[in-house]
Structures are given as C-alpha cells and as structure tokens.
There are 2 protein chains.
Amino acid sequence: MKNAPPSETGLSAQIAQSIRDAIVSGDLPVDERLPSEAELSDQFAVSRSTVREALKRLAAQSLIRTQRGATGGAFVNRLTFEDAYGQQITTSALLLSMNAVDFDTACEARFALERACAPLSATRRTADHLATMRAEITRQAQPGLSDESFCASDVAFHRALVDGAGNPVLSYQLAGAVEAIEPLMNMITFTARSRTHIVGLHTAIADALEAQDATKVDALLADLATYTAQLGRSVADSKKTPA
Amino acid sequence: MKNAPPSETGLSAQIAQSIRDAIVSGDLPVDERLPSEAELSDQFAVSRSTVREALKRLAAQSLIRTQRGATGGAFVNRLTFEDAYGQQITTSALLLSMNAVDFDTACEARFALERACAPLSATRRTADHLATMRAEITRQAQPGLSDESFCASDVAFHRALVDGAGNPVLSYQLAGAVEAIEPLMNMITFTARSRTHIVGLHTAIADALEAQDATKVDALLADLATYTAQLGRSVADSKKTPA
DNA sequence: AGACGTTTAAATGTCTGACAAATGAAAAAT
DNA sequence: ATTTTTCATTTGTCAGACATTTAAACGTCT
C-alpha cells in the first residue's frame, strides 16, 4: 500500500484508489484488517477526516466494512453475488434512465442475453425453478393485477429462468439486464389481451423447459422478444400522436 | 429529499441513501446542483463532516461530481456508459477472485453471453470493427508476444466483436464478462500450438462476420469456448499433480 | 481455579472551528 | 468599454475534542 502517484484529483480519492488497488491486486486479502484511521493518517500524511472520506468511498463500493470497538476497524469485505446484484441493478437502471436508452435497444439486449442462457437452463433447471415459474404464471393470470405487479411478476419469472442455468456469474450479469428494464416496462399498459398472450408464451416456455427442449425455449423467447418490442412500439406511437 | 427513515447504519450512509433515492427517482435531475454542504448540514441536522462523508459515498458511485469555487458544489452526474464499464469490470473481477469462481463457470458465462450478440454483430458490424479484429489477430500471431499481451489482445478482439452488435447496453453488460475473465486467462500458458489454434479460430470468426454468416460465427464461438475450457482444465490438472 | 462484574484501552462515529484554495461575479480602475 | 481588483461562496483539508462501542484485561468472590 504505497503512496499513490500524484494526481489532480482530491487526496481522499487518491488514497481510496491506493487502497482499492491493494485489494484488487490481492495484496490485501479478504477479511484482512486495514490499519486504523489514525495509522492511515500517519502513513499517508493526511488528516483523519481525509482518510475517513477515502474509507467511505470504499465502503460505498462494498469493498470494505467497518466495525466499532476495541478490535474494530475496517476489514476487506468479501464481495458477495448479492452485493453485486444490487449495484448492478442500480447502475443499469440509472444508465437506462439517464441516457435515454430507447425501449427497443434495452429490449434487444435483454432478450439476447436471456436467450444465451436458455439452453443451459433447459438442461439444468430444477423442480424449484419450474415451480417458481408456474407460480408467477398463476399470479400473472389473475384479473385484478396492477400493471406494476404484472411487471414485477414478469421479472420474477425471467429471473427464475436465468437462475435455472445454474451459473451464478450468468445470473449476476443478467440481473442488471432483466431488472433494470422493469421501469421501462412499467410504462406499458398491459391490456387483457396482451396479458393473455404473454401468459400463454410463459406457459409454453415453462413447458419447454420442463421438457428440456432448448430449441423450443429459444424460439419462444424470440417470439416473446418480438411481441414485447411490438408492445413498446405501440406505446411510443401513441405518445407521438396523443390526439 | 426528506429525512431518511431511522436505521441501524451510520448517519452518513443514511444521508447518502436519502440523496441516492432522490437521484434514482428522478427527483434530482441530471446536472442539478445539490444544496451546499453547509445547507445540507442544516437540513439533515448533522455536521458538515457527516455530510461530506455521505457525498463521498455518492461520488464513489459516480452519482455526483463536485466543483470548487463560488458557483461550485455537488452536481448530479450523468452516468455514462464508460463510467459504468469501469465499475462493472472492477466489480466482476473482484467477484470472480473473491468467490473462487472456477474457470469453467466463468468461461461458460462469458461465451454464452458473447454468443448472444454474435448474430447481431454479424448483421451490424462495421468496417471499423472488422479492421480492429484483423489488427488484433495480426498482433496475436507475432512470435515474441508475452502471455499477458496475448490475453489483452484477445480481450480487445472480443470487445470489437461485442461492440459490433451496435447495442451499447449489450456492450456494457458484456464488458464485465469479457474483461473480468482476463486475470483468470492470464494464468494460462499459451503454447505456440494453442496460439496458432486460437488465431485460426479468430481469423475464421472475422471471416464469418465479414460474410455476415451468423450461424458460422456461432459455431466457431462454440468451438472457441470448448477449446478455451479445455486449456483451462489442463492448467488445473497440472496444478493438481505438480510433480 | 473458575465465574462474574468492573475497569480500561482502542477504535470508529460525530461535532466544532478553523484555514487554504479555487472560482465566478461584482466592483473598481483605467 | 475593457481590464483589473476585490470579494463572497464553496469545496478541500486540517486539528482537536468528545461520544459510543467493543473486547480484552483486571479483580473479586465463591
């Protein structure tokens, strides 16, 4: 953990980067205790406030956790898949909303990625995954459901599909793609007819997964992608000509 | 930006979350100036240090940027795809290294995702993307190249393939998958023969992309996935029986 | 010796006040 | 009208203090 090379950014950012490098490079292993704030102040020759700001930066990235008390301090945090999910979803959602990503682009990305893990899911999905999907399909078929709840259930359905691939790295990557699109989907008004259509496709997908028919799952997902894009386009059109 | 509900975490974390919510919900639009640190101190009834720690947390996530001077302050930052790339790559790399994700799993995820955008890339790749891939192939064929440089060039090749899909959301998602695996790939010793094989596949992939033959690209990527996994497995085996 | 309560030291969390540095705007001088 | 100077505002950094939490060290009693 040597002194960072001089830069134009603030001191706390430099110190944070210096420690971050030590963590990423494995120099500071998981659960290792960092020097106390006072010691870091000495090492980097800055005040304790500056050190604290640097540590807060790292904490915001879940790179460290802090504990109070006699044996407390800052410890290198084991980044869990769950931690990473959360960050991914927040970041993806902001990216989409702040950069005016159109529905088509987001939709295309989402289904392309989802189709990537369909064959794996067809092979490895467990009874649990199938049960989750069936349960969400049942909920989606209920008449009184709000559009928001319908979307949330849709996300849950697709997450089960993705998780069925049994690859946590894939699940992590897909979490952003699938969940971040939810706000965009929420702008769609799902008519009774479109819901029926989607539920039908979901059912067919679950059936195909149960039958381990990867080809059919892929084809059905392609259908769903086309249909969803079409729904999105109709919303965009109706906005262009509101009268 | 109302006061956060009481929680067990620190004050600065609560304040950061409060502001974060305001940003994510769109309550604070991009480029909006936050109240000055002194004003935030008053609003949240905490000291300026605490406010600063909260702001540093947000800065670490690229949610805000700060500027000094009379008209300075903290501004809501437009999260760019580039910002998101960086975070994704760091997070993914840490996830892999800290959770002992095996090479097979990471490899499977990477190629599954990459194959997802192959058909799009076959349709949309520009001359630029093809030129980048050809250039990297040329570099990969040079004899004196270190394993690290070979890997770096490999990453550049695949990034060009992914970027060829012309979907920034896909590129963002894939950046983590492709780049984060580089450290794992770096542990592989690429013999002259394996390099020749890989370069051959890369050339075939570039040819197929130029011919816009999506089916062939997919098949070749499958081959490359199999071959890479095989290389990784041989490294793992030789480690088990070092004598 | 062992169990139990007390003290104590170490560490983070928070507050206060101060000064430095940057920066744009207003005021002043030319 | 233009340039220069001054000035107020805001972030960046520092120093010191106190509160709070926590586990270890210590002492006491059985």
Side-chain angles (χ1 to χ4, degrees), chain A residues 1 3-20 22-23 28 30-77, chain B residues 1 3-20 22-23 28 30-77:
Chain A
M1 200 186 314
N3 259 348
S7 156
E8 58 197 4
T9 60
L11 276 178
S12 71
Q14 289 175 43
I15 293 169
Q17 188 58 49
S18 180
I19 299 175
R20 186 163 22 239
I23 294 174
L28 288 173
V30 168
D31 290 336
E32 177 87 352
R33 182 181 173 282
L34 271 64
S36 73
E37 295 175 353
E39 288 172 304
L40 287 171
S41 300
D42 287 347
Q43 286 184 28
F44 287 103
V46 296
S47 74
R48 200 184 141 210
S49 327
T50 306
V51 167
R52 279 184 65 78
E53 287 176 8
L55 293 179
K56 294 313 165 206
R57 293 176 118 105
L58 299 176
Q61 299 179 301
S62 304
L63 291 184
I64 61 170
R65 61 180 185 279
T66 55
Q67 205 178 347
R68 291 172 71 165
T71 60
F75 297 83
V76 177
N77 200 29
Chain B
M1 201 188 314
N3 259 350
S7 157
E8 57 197 2
T9 60
L11 277 177
S12 72
Q14 289 174 42
I15 293 170
Q17 188 58 47
S18 180
I19 300 176
R20 188 169 14 244
I23 294 175
L28 288 173
V30 168
D31 290 335
E32 178 86 353
R33 182 182 176 280
L34 271 66
S36 74
E37 295 175 355
E39 288 173 305
L40 287 172
S41 301
D42 288 346
Q43 286 185 26
F44 288 103
V46 296
S47 74
R48 201 183 141 212
S49 329
T50 305
V51 168
R52 279 184 64 78
E53 287 176 9
L55 293 179
K56 293 312 163 207
R57 289 178 190 266
L58 300 175
Q61 298 179 300
S62 304
L63 291 183
I64 61 170
R65 62 181 185 277
T66 55
Q67 203 179 347
R68 291 170 69 165
T71 59
F75 297 84
V76 177
N77 201 27

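Heavy atoms only: backbone and side chains are in, while hydrogens, waters and symmetry mates are out. Labels below follow one simple rule: chain letters A, B, ... track the order of the sequence lines, proteins then strands, and each chain is numbered from 1. A quick note: this is a predicted structure, and the numbers were derived from the prediction, not measured.
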Closest nucleotide of DNA chain C for B/Arg48 versus for A/Glu39: which of these residues is on the 5' side?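 Mapping each residue to its closest nucleotide by heavy atoms, the 5'-most match is A/Glu39.
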Please tabulate, one pair per line, each protein N/O and nucleotide N/O from nucleotides 7-10 of chain C that are separated by under 3.5 Å, including the distance.
none

Could you state the [atom1]-[atom2] distance from [X] to [N], rounded to the nearest angstrom?
X       : N      : atom1 : atom2 : value
B/Ile64 : D/dT11 : CD1   : P     : 10 Å
B/Glu37 : D/dT10 : CD    : P     : 10 Å
B/Arg65 : C/dA22 : CZ    : P     : 20 Å
A/Gln14 : D/dT13 : CD    : P     : 8 Å
A/Gln67 : C/dG13 : CD    : C1'   : 14 Å
B/Leu40 : C/dC15 : CG    : P     : 14 Å

Given side chains that start at C-beta, do those of [X] and [Y] come closer than 4.5 Å, heavy atoms only?
X       : Y       : value
A/Glu32 : A/Phe75 : no
B/Leu63 : B/Asn77 : no
B/Thr66 : B/Leu55 : no

Among the nucleotides C/dG13, D/dC14, C/dT14, which one has an atom lying closest to any side-chain atom of B/Ser47?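 Looking only at side-chain atoms, B/Ser47 lies closest to C/dT14.
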Considering only heavy side-chain atoms of B/Ser36, the closest of D/dT10, C/dT12, C/dT16 is D/dT10
Determine yes or no for a side-chain-to-main-chain donor-acceptor pair under 3.5 angstrom, with B/Gln14 supplying the side chain and B/Thr9 the backbone. yes
Judged by each residue's nearest nucleotide on DNA chain D, which is more toward the 5′ side, A/Val46 or B/Gly73? B/Gly73
Going by salt bridge (Lys or Arg N to Asp or Glu O under 4.0 Å), name the pairs with one or both residues in residues 41-56 of chain B, residues two or more places apart or in two chains.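 Salt bridge (Lys or Arg N to Asp or Glu O under 4.0 Å) check on residues 41-56 of chain B returns A/Arg52-B/Glu53, A/Glu53-B/Arg52, B/Glu37-B/Arg48, B/Glu37-B/Arg52.
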Work out which heavy atom in [X] is nearest to a heavy atom in [Y]; give both atom names and the distance.
X       : Y       : answer
B/Arg65 : B/Asp31 : NH2-OD1, 3.0 Å
A/Pro35 : A/Gln43 : CG-NE2, 3.8 Å
B/Val46 : B/Ile15 : CG2-CD1, 3.7 Å

When rounded to the nearest 0.5 angstrom, what is the spacing between CZ in B/Phe44 and CD1 in B/Ile19? 5.0 Å
What about B/Arg68: does its side chain form a donor-acceptor pair under 3.5 Å with the base of C/dT23? no
All side-chain contact (heavy atoms from CB on, under 4.5 Å) counterparts of B/Ala16, not counting sequence neighbours: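 Residues passing side-chain contact (heavy atoms from CB on, under 4.5 Å) with B/Ala16: B/Arg20, B/Ala54, B/Arg57, B/Leu58.
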Please identify each residue that fulfils side chain to side chain donor-acceptor pair (under 3.5 Å) with B/Thr50, with sequence neighbours left out. B/Ser47
Which parts of residues 49-63 of chain B get close to DNA chain C, meaning a heavy atom less than 4.0 angstrom away?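 Residues of residues 49-63 of chain B under 4.0 Å from DNA chain C: B/Ser49, B/Thr50.
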Polar atom pairs between nucleotides 2-4 of chain D and protein, under 3.5 Å, N or O only, would you list them?
none

